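A short write-up of the structure that comes next.
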Amino acid sequence: MVSEKMKELGSNRSVIRELFEYGKKRAAEVGSENVYDFSLGNPSVPAPKSVEEKIKSLLETDPTVLHGYTSAQGDANVRKTIADNLKKRFGASVSPDFIYMTCGAAASLTVSLKALAEEGDEFITFTPFFPEYRVFVEMTGSKLVPVKTIDGTFQIDRDAFEKAVTPHTKGIIVNTPNNPSGVILNPDSVKAIIEVLEKKQKEYGHDIFLISDEPYRELVYSDTENPVFLNLYSNTILCYSYSKSLSLPGERIGYIALGDAMAGKSDVYAAICGAGRALGFVCAPSMMQRVAAACDGETADVSVYRENRDLLYNSLTEMGYDCVYPDGAFYLFVKTPTANAKDFSDKACEYDLLVVPADSFGVEGYVRIAYCVSTDMIKRALPKFAELIKEYK
Ligand code: PLP
């Protein structure tokens, strides 16, 4: 006998993975150069040179230390470097004693949610959202409550948000720049989130946490400023990952940070350590902790993503596609010319264009195009996109 819930999760691939697997099969049939796979958010630019250099220099150090266990919450020097950098880069006051090293954003989120969740709790997120949030929240026995944003801009609808906050709301998950829309929350949205949370905390007399999921923090291509929630709302739990910024998704490294301003930070941090222990997420990969600290604040060459964004956004818009302008991350969110996004994605497959229907992201009538691919592939795919849209004219 096994857990039916876990069996179901393990047996049904996400729609993204389904398309990715289809792409591999199709490439074997028609050649990989003829398949335009925009399904997966896997960084397409290499990690910065400093990552390689740091790994090489670490390999010269004592292997029993380098590959040994660190403290469960992460190496003390690593946490100090990250805390110092949060101060230097964002003016955020965080003590190394309130940083917890993790295996990427997925672990940052699951540990944070597990640390907070009690029977009957609800966690709000805004549409569109990373589909794994549902899995992560439900794993704790809590309920995910998606709140609609303003169609087309995907900024916060203050009234809809305020109505969704109940005495059961333990926290909200915010993701900016956003996967899948590429949108950065504007100052009005940020203000709405904070004002509503502060009002409701007072009204209900308990904490409501803001979990800020920031794997795309450094992937910003315009002057739009990405909010630093740590500085804006004291009950912020920062969930960070180096997967996208340093192009290290397979190395599984990130962290959780609580700001000095969080009143209950000792209890929250203790619960984070407990959740890490309960989930088996103690001592994040030791060598990667050191690499992350040494390269914290650097990025892979994100100018490639900017070039891809400009090329894809401008070309598709010119062809008549209705695209959301992405300020960051590496996704283009496109309104489908037919109401059913799955039908459109299926039709796109006939042109060997693999684009993800966004229904599982909580929004109907959109597809996500991950442009973390080679610019050359985008150029070769453009005539296919042009043919595809003609079918709907
Ligand atoms: N959160 C968002 C919004 C993501 O897009 C992803 C990965 O694509 C994750 C979390 C998980 O990131 P990681 O690979 O660091 O676990």
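Just so it is clear, the model here is predicted, and its values are computed rather than measured.
- Contact between A105 and D213 at its shortest, heavy atoms only, is CB-OD1, 3.8 Å.
- Here salt bridge (charged side-chain N to carboxylate O under 4.0 Å, His left out) pairs that include residues 54-70, with residues two or more places apart or in two chains, are E52-K56.
- Listed by chain and residue number, F154, F333 satisfy the ring pair (Phe, Tyr, Trp, His ring centres under 6.0 Å) test with Y366 (two or more places apart in sequence, or in another chain).
- For E298, the side chain to side chain donor-acceptor pair (under 3.5 Å) partners at least two apart in sequence or on another chain are S50.
- A donor atom on one side chain and an acceptor atom on the other are found under 3.5 Å apart for T166 and E122.
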Take K265 and D97 through the salt bridge (charged side-chain N to carboxylate O under 4.0 Å, His left out) test and state the conclusion after the steps. CA-CA 10 Å; K265 58 185 178 300; D97 296 339; over 6 Å; no

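- Judged as a side chain to side chain donor-acceptor pair (under 3.5 Å), and not counting sequence neighbours, K148 has no contacts.
- Side-chain contact, T149 with Q155: no donor N or O sits under 3.5 Å from an acceptor N or O.
- Pairs of residues two or more places apart, or lying in two chains, that qualify as salt bridge (charged side-chain N to carboxylate O under 4.0 Å, His left out) and include a residue from residues 362-378 are D376-R380.
- By the 4.5 Å heavy-atom criterion applied to side chains, V78 and T70 are not counted as neighbours.
- Sorted by first then second residue, the salt bridge (charged side-chain N to carboxylate O under 4.0 Å, His left out) pairs that include residues 234-260, not counting sequence neighbours, number zero.
- Looking only at atom types and distance, the side chain of R17 has no donor-acceptor partner in the side chain of Y22 under 3.5 Å away.
- With contacts defined as side-chain heavy-atom distances shorter than 4.5 Å, the pair T224/N186 does not qualify.
- With a 4.5 Å cut-off on side-chain heavy atoms, L232 and P227 count as touching.
- The ring pair (Phe, Tyr, Trp, His ring centres under 6.0 Å) contacts involving residues 26-67 comprise F38-F385, where partners must be two or more places apart or lie in separate chains.
- With no hydrogens or angles considered, a side-chain donor-acceptor pair links S181 and N178 at under 3.5 Å.
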Decide side chain to side chain donor-acceptor pair (under 3.5 Å) for T336 and T338; before the verdict, give the C-alpha distance in whole Å, the side-chain angles of both, and the deciding distance to 0.1 Å. CA-CA 5 Å; T336 52; T338 169; over 6 Å; no

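- Identified under the salt bridge (charged side-chain N to carboxylate O under 4.0 Å, His left out) test for residues 270-294, with sequence neighbours left out: D75-R290.
- Using a 4.5 Å cut-off on side-chain heavy atoms (C-beta onward), M319 and L382 make contact.
- Q73 and Y255 form no side-chain donor-acceptor contact under 3.5 Å, judged by distance and modelled atom types alone.
- F330 meets the ring pair (Phe, Tyr, Trp, His ring centres under 6.0 Å) test with Y216, Y305; sequence neighbours excluded.
- Across every non-hydrogen atom of I253 and A284, the tightest pair is CD1-CB, 3.9 Å.
- Screening residues 167-198 for ring pair (Phe, Tyr, Trp, His ring centres under 6.0 Å) gives no qualifying pairs among residues at least two apart or on separate chains.
- Checked for salt-bridge contact, K384 and D352 miss the test: no charged N lies under 4.0 Å from a carboxylate O.
- L354 is listed as a side-chain neighbour of C349, based on a closest heavy-atom distance under 4.5 Å.
- Salt-bridge annotation for K335 and D322: absent, with no side-chain N of the basic residue lying under 4.0 Å from a carboxylate O of the acidic one.
- Looking at heavy atoms from C-beta onward, T299 lies out of side-chain contact with L246 at the 4.5 angstrom threshold.
- Contacts classified as ring pair (Phe, Tyr, Trp, His ring centres under 6.0 Å) and involving residues 105-145 (residues at least two apart or in different chains) are given here: F126-F161, F130-Y133.
- Among residues two or more places apart in sequence or in another chain, the ring pair (Phe, Tyr, Trp, His ring centres under 6.0 Å) test is passed with Y392 by F344.
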